[in-house]
Amino acid sequence: MAHWLLKTEPEAFGIDALARAPRRTATWDGVRNYQARNFLRDEVRRGEQAFLYHSSCALPGIAGIVTVTRAAFPDPSAFDRKNQHFDAGSEPAAPRWYAINVQLARRCARIITLEELRAHADGKLRGLALLQRGNRLSVQPVSDAHWQFIVALE
DNA sequence: GCCAACGTTGGC
DNA sequence: GCCAACGTTGGC
């Protein structure tokens with residue numbers, strides 16, 4: 001099974017909000033980047049796990065692990081005129097954007113910081129998408145080797 | 001199809 | 001708030 005990394009801004013929806021959600025489950029919606037959309041739509045499978053990464057905050061890093069409980073389905077927020085992610089170009093008959101459902105598997109004992117991950121950028125974490133220069137993807141693949149190494153950092 | 005302008009992301 | 005990097009838009 002593949003592994004993933006999902007970015008979120010904790011002020012918008014972070015691990016605390018997920019922990020409080022019913023069944024600790026939420027719809028991962030609002031992705032409006034085609035490359036990230038393609039990962040969601042074509043590759044992310046039910047039962048796979050992902051790191052939940054906090055960005056644009058005081059301590060950027062991996063905050064926890066989530067399990068995908070529902071594979072891709074048309075992103076409802078794209079159809080909702082009142083939603084900030086509304087996209088008139090996406091229609092139910094031909095959806096442009098996709099969402100998944102995720103459930104919090106567990107919090108990390110501590111935030112595994114971007115700084116710490118970066119310390120291994122030329123070693124065990126060489127090639128990790130998160131560490132690529134200019135990377136902005138909100139859905140990223142994580143290799144098995146990288147996954148195991150990062151889990152062990154905790 | 002090119003590419004400049006613009007908007008967004010996200011670390012610092 | 002700054003700014004580098006990237007994606008998207010739109011004129012041509």
Side-chain angles (χ1 to χ4, degrees), chain A residues 2-21 26-44 48-66 68 71-102 104-143 145-147 149-154:
Chain A
H3 292 103
W4 305 94
L5 181 146
L6 301 174
K7 272 191 204 170
T8 185
E9 298 185 17
E11 284 193 15
F13 189 88
I15 199 164
D16 291 337
L18 185 56
R20 286 193 302 266
T27 294
W28 202 267
D29 61 7
V31 171
R32 295 292 179 269
N33 168 283
Y34 287 102
Q35 197 178 347
R37 186 280 310 269
N38 292 346
F39 281 131
L40 285 185
R41 186 189 60 185
D42 305 334
E43 299 193 39
V44 177
E48 289 180 341
Q49 293 201 309
F51 290 128
L52 192 152
Y53 177 87
H54 281 174
S55 67
S56 292
C57 57
L59 197 61
I62 293 168
I65 293 175
V66 300
V68 177
F73 56 97
D75 184 342
S77 71
F79 307 138
D80 177 3
R81 287 192 176 276
K82 295 175 192 153
N83 193 289
Q84 63 166 325
H85 298 295
F86 171 72
D87 180 1
S90 183
E91 298 175 15
R96 176 178 294 171
W97 306 112
Y98 286 80
I100 58 174
N101 285 352
V102 298
L104 181 62
R106 67 178 180 85
R107 286 174 180 273
C108 291
R110 59 181 184 83
I111 301 279
I112 304 171
T113 64
L114 176 61
E115 181 182 23
E116 184 175 359
L117 296 172
R118 195 163 270 154
H120 301 279
D122 295 324
K124 292 294 181 68
L125 295 182
R126 180 186 301 278
L128 181 68
L130 182 73
L131 303 178
Q132 301 307 302
R133 143 195 191 93
N135 162 74
R136 287 166 34 171
L137 266 189
S138 59
V139 179
Q140 307 178 1
V142 177
S143 73
H146 288 162
W147 179 274
F149 180 79
I150 293 167
V151 167
L153 283 177
E154 183 187 3

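So that the names make sense, note that chain A is the first sequence line, chain B the second, and so on, each numbered from 1.
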Using whole Å, what does the distance between atom C1' of nucleotide dT8(B) and atom OH of Tyr34(A) come to? 15 Å
Rounded to the nearest Å, what distance is computed from the CD atom of residue Gln132(A) to the P atom of nucleotide dG7(C)? 13 Å
Should the pair Phe149(A) and His120(A) be assigned to parallel (<30°), tilted (30 to 60°) or perpendicular (>60°) ring geometry? perpendicular
Under a 4.0 Å N-O cut-off, is there an ion pair linking Arg96(A) with Asp87(A)? yes
Taking only nitrogen or oxygen atoms into account, show me every contact under 3.5 Å that the protein makes with nucleotides 9-11 of chain B, one pair per line with its distance.
unit_1	atom_1	unit_2	atom_2	d
dG10(B)	OP1	Lys7(A)	NZ	2.6
dG10(B)	OP1	Arg136(A)	O	3.1
dG11(B)	OP1	Tyr53(A)	OH	2.8
dG11(B)	OP2	Ser56(A)	N	2.8

Check this one for me: any side-chain N or O of Arg133(A) less than 4.0 Å away from OP1 or OP2 of dA5(C)? yes
Which heavy-atom pair separates Trp97(A) from Ala78(A) by the least distance, and what is that distance? CD1-CB, 4.0 Å
Would you check if there is a donor-acceptor pair between the side chains of Asn135(A) and Gln140(A) at a distance under 3.5 Å? yes
Does anything in residues 111-121 of chain A form a salt bridge (Lys or Arg N to Asp or Glu O under 4.0 Å)? List the pairs, not counting sequence neighbours. Arg110(A)-Glu116(A)
